Amino acid sequence: MPEGPSIVLLKEALQSFVDKKIVNADGSSKKIEYGRLPGAKIREIKTWGKHLLICLPDVTIRIHLLMFGSYSIDTPKQNRIAKLSLFFARGRSVHFYACSVKLITEPLSRVYDWTADIMSKKWDSGKAVKKMNARSSELVCDILLDQDIFAGSGNIIKNETLFRSKIHPKSVVGKIPPLRKKLLVRELIGYSKMFLKWRRANTLKRHWLAYSKKICPRDHHPLAKEYMGKSRRRTFFCETCQKLYG
DNA sequence: CTAAATGTTAAGCC
DNA sequence: GGGCTTAACATTTA
């Protein structure tokens with residue numbers, strides 16, 4: 001479920017609840033005051049990176065599905081305790097499981113920079129390149145997972161983007177030539193759009209070129225698989241056709 | 001059956 | 001305090 005494009009699909013799935021009044025709310029999260037939700041009408045549903053934002057008149061519910069989170073609409077899952085359940089008129093309901101739930105009371109504009117959200121209309125590639133340049137000594141495999149620069153990018157997007165732009169994951173950001181860096185950002189946004197399209201058609205896996213693959217589709221060399229970077233995340237790459245800068 | 005995985009946060013340690 | 005490592009969370013899939 002979790003990367004940015006999947007959260008956009010979640011937002012779409014919840015559109016029928018916009019303008020609907022929450023009649024009851026409960027769940028197993030100890031951290032939120034369920035009492036302040038009933039009576040509020042959902043004004044809007046937004047996303048920022050991997051965050052789902054359910055906007056109410058004076059508070060926003062922030063859901064992060066983490067690695068294994070899931071949701072269900074109208075029918076709660078059997079034998080499972082939801083972290084958050086929202087109930088509406090006519091027996092309608094939404095349930096979120098195995099996720100992080102928070103209430104945000106500050107204005108969203110103070111919490112979120114929409115120009116850093118890879119799925120946003122306000123996405124700004126120029127700013128992303130500037131932020132990358134400010135972190136020139138880091139590895140590109142780490143930078144592509146950084147939510148302050150590429151909010152919504154996850155391990156699949158990282159792997160596919162590096163393969164498509166022919167950049168070795170251990171390349172040092174500052175050693176990547178400017179044009180190639182721009183190409184990298186363009187590929188990341190382009191692949192994220194395709195991710196959304198393919199996930200919607202339920203064909204995401206079919207289109208993986210490197211992620212979880214064993215053979216390079218370009219030159220048929222075996223792909224390397226290594227746990228690398230600050231977060232030791234699974235990384236698939238072709239030693240032959242992905243160039244190492246640095 | 002066991003292990004690993006699309007992710008983040010908090011605690012603990014130097 | 002900073003920076004790093006580890007654990008915790010919880011569920012599905014290989």
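Basis for what follows: all heavy atoms, side chains included, without hydrogens, waters or symmetry-related copies. Chain letters run A, B, ... following the sequence lines, proteins first, then strands; residues in each count from 1. What you see is a predicted model; the values in this text were computed from it and never measured.
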Validation row, ring centre A:Phe163 to ring centre A:Phe237 under 6.0 Å: no
Ring centroid separation A:His51 to A:Tyr112 under 6.0 Å: yes
side-chain N/O A:Tyr211 vs B:dT6 OP1/OP2, d < 4.0 Å: yes
OP1 or OP2 of B:dA5 under 4.0 Å from side-chain N/O of A:Arg232: no
If you check every side-chain atom of [X], which of [options] has the closest atom?
X	options	answer
A:Leu66	B:dT8, B:dT6, B:dA5	B:dT8
A:Lys50	B:dT8, B:dT9, B:dT6	B:dT8
A:Lys77	C:dT12, C:dA10, B:dG7	C:dT12

A:Arg186 charged N/C atom sitting above A:Tyr191 aromatic ring, 6.0 Å / 45°: no
Aromatic A:Tyr97 / basic A:Arg80 pairing, under 6.0 angstrom, 45° off normal: yes
Sugar-phosphate only, base, or nothing, as touched by A:Lys230 at under 4.0 Å among non-hydrogen atoms: nothing
Touch class at under 4.0 angstrom, heavy-atom based, for A:Lys205 against every strand present: sugar-phosphate
Bracket notation of DNA chain C in which parentheses pair within the strand, [ ] cross earlier pairs, and | pairs with another strand (Watson-Crick or G-U, under 3.5 Å): .||||||||.||||
P atoms of C:dT6 and B:dA4, separation to the nearest Å: 16 Å
P atoms of C:dC4 and B:dT6, separation to the nearest Å: 22 Å
Length of the CD-P vector between A:Gln78 and C:dT12, whole Å: 13 Å
For atom CZ of A:Arg80 and atom P of C:dT12, their distance in whole Å: 4 Å
Pairs meeting criterion salt bridge (Lys or Arg N to Asp or Glu O under 4.0 Å) with involvement of residues 136-159 of chain A, two or more places apart: A:Arg135-A:Glu138, A:Arg135-A:Asp146, A:Glu138-A:Lys230
Over 12 non-hydrogen atoms of neighbours within 6.0 angstrom of CD1 in A:Ile81: no
